[in-house]
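Okay, structure first, notes after.
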Amino acid sequence: DLEIALKVVIVGNGAVGKSSMIQRYCRGTFTRDYKKTIGVDFLERQIECNGEDVRLMLWDTAGQEEFDAITKAYYRGAQACVLAFSTTDRDSFEAIHSWKIKVEDECGKIPTVIVQNKVDLIERSQVNPQEVDILARSLGCKLICTSVKDDVNVNNVFRYLATRCLKE
Ligand code: GDP
Ligand code: MG
């Protein structure tokens, strides 16, 4: 039977853990100083979802997000999106809305999840749970809290998006 391929873009401010999340999900590893040296645009992982074979292509940036210089090629044809921020970086939380607008401008409305990463550092949190909830609700997105470091909830992010895409 046919295999479904999904392009997923992962956006958010620098250092929130986007590359680490992709590496964790596709390679099962975590390092403190992961830099994009792999020389490809995306990593992929195959999963089974509702009895279908789904190939998830997770697109990484090479740090262009810090200069607001992500090209159209990055977004082109994306079918799902992760909006990521860090528990310990308030600016990254406040930037979520504008990241959503950027993705929507290029891709239209696609299944999107907000990820609050680094929940292992909750004692250094710069956001409170209520305001995160309010943001997710006002943007109409599911919220998933992750620790890429401790491998908490990372699989759920991509399983949720794959399930949403299969329903559309
Ligand atoms: P990116 O710029 O969004 O791609 O962020 P990176 O993946 O390069 O991660 C930035 C830093 O945060 C790295 O030092 C990672 O090891 C670290 N990091 C990523 N995820 C987590 C996490 O869940 N917990 C902690 N404590 N550190 C993390
Ligand atoms: Mg990165």
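Ligands are counted one by one from 1 in listed order, and the atoms in each one are counted from 1 as well. Start at 1 with the first residue, then count along the sequence.
Of the listed residues (Val82, Thr61, Val157), just one forms a side chain to side chain contact (heavy atoms under 4.5 Å, CB included) with Ile10, and that residue is Val82. Shown are Asn117, Ile144, Val148, Val115; of these, the side chain to side chain contact (heavy atoms under 4.5 Å, CB included) with Asn153 is made only by Ile144.
Near Gly14, meaning under 4.0 Å from one of its heavy atoms, ligand 1 places the atoms 2 (O). Interface atoms of ligand 1 facing Asp120, defined by a heavy-atom separation under 4.0 Å, are 22 (C), 23 (O), 24 (N), 25 (C), 26 (N). Atoms of ligand 1 lying under 4.0 Å from any heavy atom of Glu65, numbered from 1 in the order shown and given with element: 2 (O). Which parts of ligand 1 touch Ser147 is read off a 4.0 Å heavy-atom cut-off, strictly below it: atoms 23 (O). Those atoms of ligand 1 that come under 4.0 Å of a heavy atom in Ser20, given as number and element, are 6 (P), 7 (O), 9 (O), 15 (C), 19 (C).
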Requested in this report: Kindly indicate, with the supporting measurements, whether the criterion side chain to side chain contact (heavy atoms under 4.5 Å, CB included) is fulfilled by Met21 and Phe158.
Outcome: CA-CA 10 Å; Met21 177 168 298; Phe158 299 105; 3.9 Å; yes

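Between atom 27 (N) of ligand 1 and the options Glu66, Arg124, Lys118, Gln23, the minimum heavy-atom separation is to Lys118.
Using a 4.0 Å cut-off between heavy atoms, Thr146 makes no contact with ligand 1 at all. Here Leu121 has side-chain heavy atoms under 4.0 Å from ligand 1, and that is the only part of it that gets that close.
Lys7 places a side-chain N or O within 3.5 Å of a backbone atom of Tyr74 that can act as its donor or acceptor partner. At distances below 3.5 Å, not a single donor-acceptor pair connects side-chain atoms of Lys18 with backbone N or O atoms of Ala84.
In terms of polar-atom proximity, Gly17 is counted as a contact of ligand 1, with an N or O under 3.5 Å from an N or O of the ligand. Between Met21 and ligand 1, a contact under 3.5 Å exists for no N or O pair. The shortest N or O to N or O distance between Asp60 and ligand 1 is not below 3.5 Å.
The existence of a salt bridge linking Glu106 and Lys102 is excluded, since no basic side-chain nitrogen approaches an acidic carboxylate oxygen closer than 4.0 Å. Taking 4.0 Å as the cut-off between side-chain N and carboxylate O, Glu131 and Arg90 count as a salt-bridged pair.
Inclusion of Ser19 in the first shell of the Mg ion (ligand 2) is supported: an N, O or S atom falls under 2.8 Å.
In this structure, the separation between SG on Cys81 and NZ on Lys100 is 9.0 Å, given to the nearest 0.5 Å.
Hydrophobic clustering (side-chain heavy atoms under 4.5 Å, transitive across Ile, Leu, Val, Met, Phe, Trp, Tyr) groups Leu58 together with Ile47.
The closest approach between a heavy atom of Val119 and any atom of ligand 1 is not below 4.0 Å.
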